[in-house]
2 protein chains.
Amino acid sequence: MSNLRIAEIFGPTVQGEGALIGEPTVFIRTGGCDYRCSWCDSMHAVDSEFRHTWLPMTDEAVWSEVRELSGGVPLTVSISGGNPAIQDFTGVIALGKAEGYRFACETQGSVARPWFADLSMLVLSPKPPSSSETVDWDIFADCVAAAKDAPRCMKIVIFDDTDYAWAKDAAARYPDMQLYLQPGNPMVDPDKPVDLEQTTERLEWLIDKVTADRFFRARVLPQLHVMVWGNKRGV
Amino acid sequence: MSNLRIAEIFGPTVQGEGALIGEPTVFIRTGGCDYRCSWCDSMHAVDSEFRHTWLPMTDEAVWSEVRELSGGVPLTVSISGGNPAIQDFTGVIALGKAEGYRFACETQGSVARPWFADLSMLVLSPKPPSSSETVDWDIFADCVAAAKDAPRCMKIVIFDDTDYAWAKDAAARYPDMQLYLQPGNPMVDPDKPVDLEQTTERLEWLIDKVTADRFFRARVLPQLHVMVWGNKRGV
């Protein structure tokens, strides 16, 4: 049964963000999302307008494509979206782990899934005010609980001072969770080149903010893939 | 007794490289090095020509400056150089750990020190052929052994295909050690601006190399500080 809706499977490339930055990765980008962030950089995997481009696939078909892309050599597979947690990845993860692959998943924390416990990294990205979405912290806590002993971290995108203040409060809910802050990318048009100078300026702004504020628990990282490839898809 | 020679103490900023990339950090850059890498980007902390700029400091004076820069809020302190392992950091680390600070150290692995075991991260950077230096792997093994249970990783700078092939062999000596590869920066003049496009192109070259080669154990990261601040000192 073709139980999954997949926007794209691509790689190997390197993870561009957060805890696994620089890690060779094949990405499974799922189609569909329960959020509509104002600055979403992956609308082709979110908006129903693109639904016709999402391929219905079986667990086996997804796994077969990941294996082919990686030449059968185990690596980290990142399940992202959209929100991958609206779908069931139990089967794909089981197929991959049996061959020595590791799985990371990136989700906003709005839907909890038992398969979070099978991950080598659960990246929870609660969305700040600039997104225009609102976090349900009870469900977020369910997501953390579902991960059981699996490593997890929090990654928050920061566009402005309001987001930054919100991120500090959000992080305070989980004082022991590794925290990554990432400057927002306001240039999400895949057909327009990214301004590298502006991207590094935004990173510098966030670094200055964190260090001046002595908020030393936060690690500050850019979107490396945006610096290298702009908003191009499939890398 | 002013037992340490210090080129600069600066921060907080974020770590720009390797395992702790993005981590808020105060840097202690020591003066003096047993290597003379052809492409060294920190000659002001290496060459005896700059010796008059290295401040003789006591453990207490070094610690006092780190505490002041960080406002007494614990964070990661990176001991770099030059080669910090030619000096004795037992005292500084003890003073800092007593106040909840963590210490990382970056060294080429040419001198082993008991205080490696007190670190939260020992970054070993064996130098590839392009450096014109030669690694003594027996001493390198002594460094790994000295770290005991402390987390450690290997970081190798890659300028060309020869360096890359060498890095694979070097990494194979320590199959379980986390490995970071970093494109070399040929533009080390602090008075000249760094070409961002060229820097990202070199990163893309290395990412393509690692992924095409399916060398998935290597994480590929840029020098983030060079992308943000060029070769400017003290950031």
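Chain A is the first sequence line, chain B the second, and so forth, proteins listed ahead of strands; every chain is numbered from 1.
- Interface remark: B:Ser70 contributes backbone and side-chain atoms alike to the contact with chain A (heavy atom separation under 4.5 Å).
- With a threshold of 4.5 angstrom between heavy atoms, B:Ile21 approaches chain A through its backbone and through its side chain.
- Of the atoms belonging to B:Val210, it is side-chain heavy atoms, and not backbone ones, that fall under 4.5 Å from chain A.
- In this structure, A:Phe216 and B:Pro74 have side chains that are not in contact, with every pair of non-hydrogen atoms separated by 4.5 Å or more.
- For A:Glu99, the CD atom is densely surrounded, since the number of other residues' heavy atoms within 6.0 Å is greater than 12.
- When each of B:Met227, B:Glu23, B:Arg219 is checked for heavy-atom pairs under 4.5 Å with chain A, B:Arg219 comes out on top.
- Heavy atoms of B:Ala218 lying under 4.5 Å from chain A belong exclusively to its backbone.
- Per-residue heavy-atom pair counts under 4.5 Å with chain B were compared for A:Leu203, A:Asp208, A:Ile207, A:Thr13, and the maximum is reached by A:Ile207.
- When each of B:Leu196, B:Thr76, B:Thr199, B:Thr25 is checked for heavy-atom pairs under 4.5 Å with chain A, B:Leu196 comes out on top.
- Residues of residues 164-183 of chain B lying under 4.5 angstrom from chain A, judged on non-hydrogen atoms, do not exist.
- Only the backbone of A:Leu69 comes within contact range of chain B, with at least one heavy atom under 4.5 Å from a heavy atom of that chain.
- The number of heavy-atom neighbours closer than 6.0 Å to CD of B:Glu68, taken from other residues, nucleotides and ligands shown, is 12 or below.
- In terms of heavy atoms, B:Pro222 sits closest to A:Leu224 at CG-CD1, 3.5 Å.
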